[in-house]
Amino acid sequence: MTGVSILTVLIVLAPLFAIFAYLVYKGLGSINLAFLTQTPKPVGEPGGGMANAIAGTGVILAIASLLGVPLGIGAGIFLSEYGRNRYGDAVRFVSDVMNGVPSIVIGIVAYGLVVMRQKHFSALAGGVALAIMMIPTIARTTEQMLLLVPQAIREAAFGLGVSRWRTTLSITLRTATSGVITGVMLAFARVAGETAPLLFTAFGNQFWNWRLDQPTAALSLQIYTYALSPFDDWHRQAWAGSLVLIVLIVSAVAAVRIVVRRGTLAGA
Amino acid sequence: MGVGITVEHLNAFYGKTQALFDINIAVQANHATALIGPSGCGKSTFIRCLNRMHETIPEARVDGMVRIGEFSVYNGTSATQLRRRVGMVFQKPNPFPTMSIYDNVAAGLKLNGFRNRKQLDEIVQKSLHSSALWDEVKDSLHKKSGASLSGGQQQRLCIARALAVQPEVLLMDEPCSALDPISTGKIEELIFQLKEQYTIVIVTHNMQQAARVAEFTGFFLLGKMIEFDKTEKVFTNPSDKRTEDYVTGRFG
Amino acid sequence: MSNQALPRPRFSAPDPEPRVPEQRSPEQGPKAALKIETTAPLLQGRVSEVPDALFGWAMRLCGFAVVALLGLIVYQLVVGSQLSWHAFGWKFFGQSDWNPVEDQYGALPFIFGTLVSSLLALLIAVPLAVGVAVFITEMCPVGLRGVLSFTTELLAAIPSVIYGLWAIFVLVPIMRTFVQPILAKTLGWTGLFTGPAYGYSILTAGIILAIMIIPIISSITREVLTVVPQHQREAVLALGATRWEMIRLGVLRNARAGIVGAIILGLGRALGETMAVTMVIGNRPEIAKSLFAFGYSMASVLANEFSEATGDLYLSALIEIGLALFLVTIVVNALARIMVWSVTRGQPAKSIA
């Protein structure tokens, strides 16, 4: 029986290794300077790259973080500091439920909210969609991290005549900073590779675009389009794009971790 | 300088449970007053009513009158404002874990918007001197976190932190219960010095400690104040039978 | 101290006399040189309560914004699907005709595709995921434990479009050349594994979904297993059970509700998964008996047709599919969460996020 369970572990790990091996093998072989600096060539023409999609992903994620992180952290503060009652329970349940809403459905909502009103696809719509996905995750992890801060720490601040809002921001939240940031990064990593909600919000673009109200390229969209295309060169680029996407996600998470760790005092 | 505290008809509740019953007491300025009694007798609840810490617990509620100096605690003053004049030291040392030693001491002033760097330096140094911690930490003020100190040092850091705000009253809720005897001795010595300038109310379950540091002692039992008198009298010639039973170790 | 402030203990009324402190004599003076000269209080001025109230309400607003967001989602979907709902009513979910040219819309093929691919995924994923969870919590050497749970979690971090990419270029050829011919030869008589082997099929979609939901199911199952108290295990072992009997009786049985919850959560994820499925399922709205046939899922049709939907009714029909998908996943997730909570006692399962 032990053998059987070890076998299951191997069966589960096999695709993981296959995916990673393929990603690195195919991706590394296809990344070059042109890929990182040029925009896509017209259909069927070899060469070109995904520079605009990399930038687009950055822009969309920036919008999503700008909207989603403050709101999510605020909701987390509400849950842990003001929400130990049935209102809090309602918000808690709704956040958990929203975590399970399929991302494509969120895309429909962002389409209705932003695209229908502006009358065209835009980076903003993509950012809104991803922000909606980030908020519940950030809210719940922030809540959990704030609850880990002992009540005694809050009382110490109250005892010094520090007001409640100051205590919450400068003491409670600050004590929980690294946990909260880890939660934010988890949410970030989760939406960074999302494709479905961008299909009809950011839509994609073959050219450079820096305007927030215009269709914008994104790495994940580009990978999708190229994967379904009949051209070998685009398949190569899809792999390269995937590798870049994974590296971007991992390095963003790692960078924030390092920054957080450096700010910590000895013995803390 | 310290100010006196007057308490009249104080009742405290946790939800439907009443924890304190009609407490009346006058605490003298610039003296140490000890509150003793078996665990669960309400002495900690009482001290937390003096700086309105009681009400930070959900569903907790207070009625009655408390005056600290000329301040009416439950009337017209914000809790925040009151707590700036009434320092508190807790049962377990609770330094801010992400702050350096310096920042811990300066926290009360800095977080309340006090920005004068030079004056802050002075106050931090003075407060650490007053809590007899300066010599041990002066070389690592900015390098070490408050949480890296030993338990006794942490508690003295918390005292320094409370003193830095320059309060008139210092409330101590079993400040030595988590400490070893040597640290306890240091803190008691400190209390002895501090009462020159502050009104100190100290909750303790250690009767010897009450006898060592306080001029006045109050005895609590089941949420009621049974006796309040000069320490010497409470311990040698109490007027209530229950006090006598308690101080002679017959129960509790 | 005025006399009116003297204590009035309830049960003892000692003479007020002793409470008047003796005047401190000068020689009692400062015991230490370290004396704080009393300066004017540094924090003067009234403290306004307004910032506190503002902050509190701002945070409450953030909290209720989450609820409002859910309301907004529901509102958008309901309003958007009105046209289609009025045109087709309940028939929408019973019809298999999907014809944008004639404005005829029925969601049945998509519902079928979503259900079949998700159930296939569960069929494959559940034994593997539970097996891995049991291995990690019950029999794995501690050193290996961290590495294994880290790698299974890593699987969850890969974007679904990359799963899809890998599936197109690795899984589909494998299915076409090996798996499908073998299945057709051995199990073809069941009728489930017949027809041409294109590689793209409902079966392929089920397999890629299984790979994607294994991490979720196994990490939550692991959490549930770790809260089974040690004494339950020991009680079974003390009766002379073997290790496997112990795991079956002492661990799995006690964690049953939680494991079912984990499985349902996996189902919820599979139902809503879009990209990887869209890339391998074949995208043809038909209901076939064979798992080798092309299919279409609710999420896939949204991904493929939403941005090209020209007519109002077309768009509305798509939004109605979105609404149906939303409602199903909400119910499934709520159910799952209740079951997981019943085991972990209200501790939200961390790995869901």
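Heavy-atom basis, side chains included; hydrogens, waters and symmetry copies ignored.
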Next on the checklist: Heavy-atom cut-off 4.5 Å, strictly under: side chain, backbone, both or neither for L79(A) against chain C?
Outcome noted: neither

Item to check | chain C contact via A110(A) - side chain, backbone, both or neither, heavy atoms under 4.5 Å | outcome: neither

Next on the checklist: Among A58(C), G272(C), G63(C), which residue has the highest count of heavy-atom pairs closer than 4.5 Å to chain A?
Outcome noted: G63(C)

Next on the checklist: Once rounded to the nearest 0.5 Å, what's the spacing between atom CZ of F326(C) and atom CD1 of I106(A)?
Outcome noted: 8.0 Å

Checklist outcome for this item: What one should report as the nearest heavy-atom pair of F55(C) and Y82(A) is CD2-OH, 3.4 Å

Next on the checklist: Once you measure the plane-to-plane angle for Y111(A) and F306(C), does it fall in the parallel (<30°), tilted (30-60°) or perpendicular (>60°) bin?
Outcome noted: perpendicular

Checklist outcome for this item: Scanning both residues in full, the closest heavy-atom pair of G131(C) with T8(A) reads C-OG1, 4.0 Å

Checklist entry - Given a strict heavy-atom distance threshold of 4.5 Å, which part of T278(C) is in contact with chain A: side chain, backbone, both, or neither? => result side chain

Checklist entry - Is it the backbone or the side chain of I73(A) that comes under 4.5 Å from a heavy atom of chain C, or both, or neither? => result neither

Checklist entry - In Å and rounded to the nearest 0.5 Å, what is the CG to OG1 distance from L199(A) to T274(C)? => result 8.0 Å

Next on the checklist: Please classify the contact of I19(A) with chain C as side chain, backbone, both or neither, using a heavy-atom distance under 4.5 Å.
Outcome noted: both

Next on the checklist: So which atom in C62(C) and which in L71(A) form the shortest heavy-atom distance, rounded to 0.1 Å?
Outcome noted: CB-O, 3.9 Å

Next on the checklist: Quick check for you: among N333(C), L128(C), L61(C), which has the greatest number of heavy-atom pairs under 4.5 Å with chain A?
Outcome noted: L128(C)

Next on the checklist: Taking side chain as everything from C-beta outward and backbone as N, CA, C, O, which of these in F121(A) sits under 4.5 Å from a heavy atom of chain C? Side chain, backbone, both or neither.
Outcome noted: side chain

Next on the checklist: For the interface with chain A, which of R243(C), E273(C), M275(C) has the highest count of heavy-atom pairs at distances below 4.5 Å?
Outcome noted: M275(C)

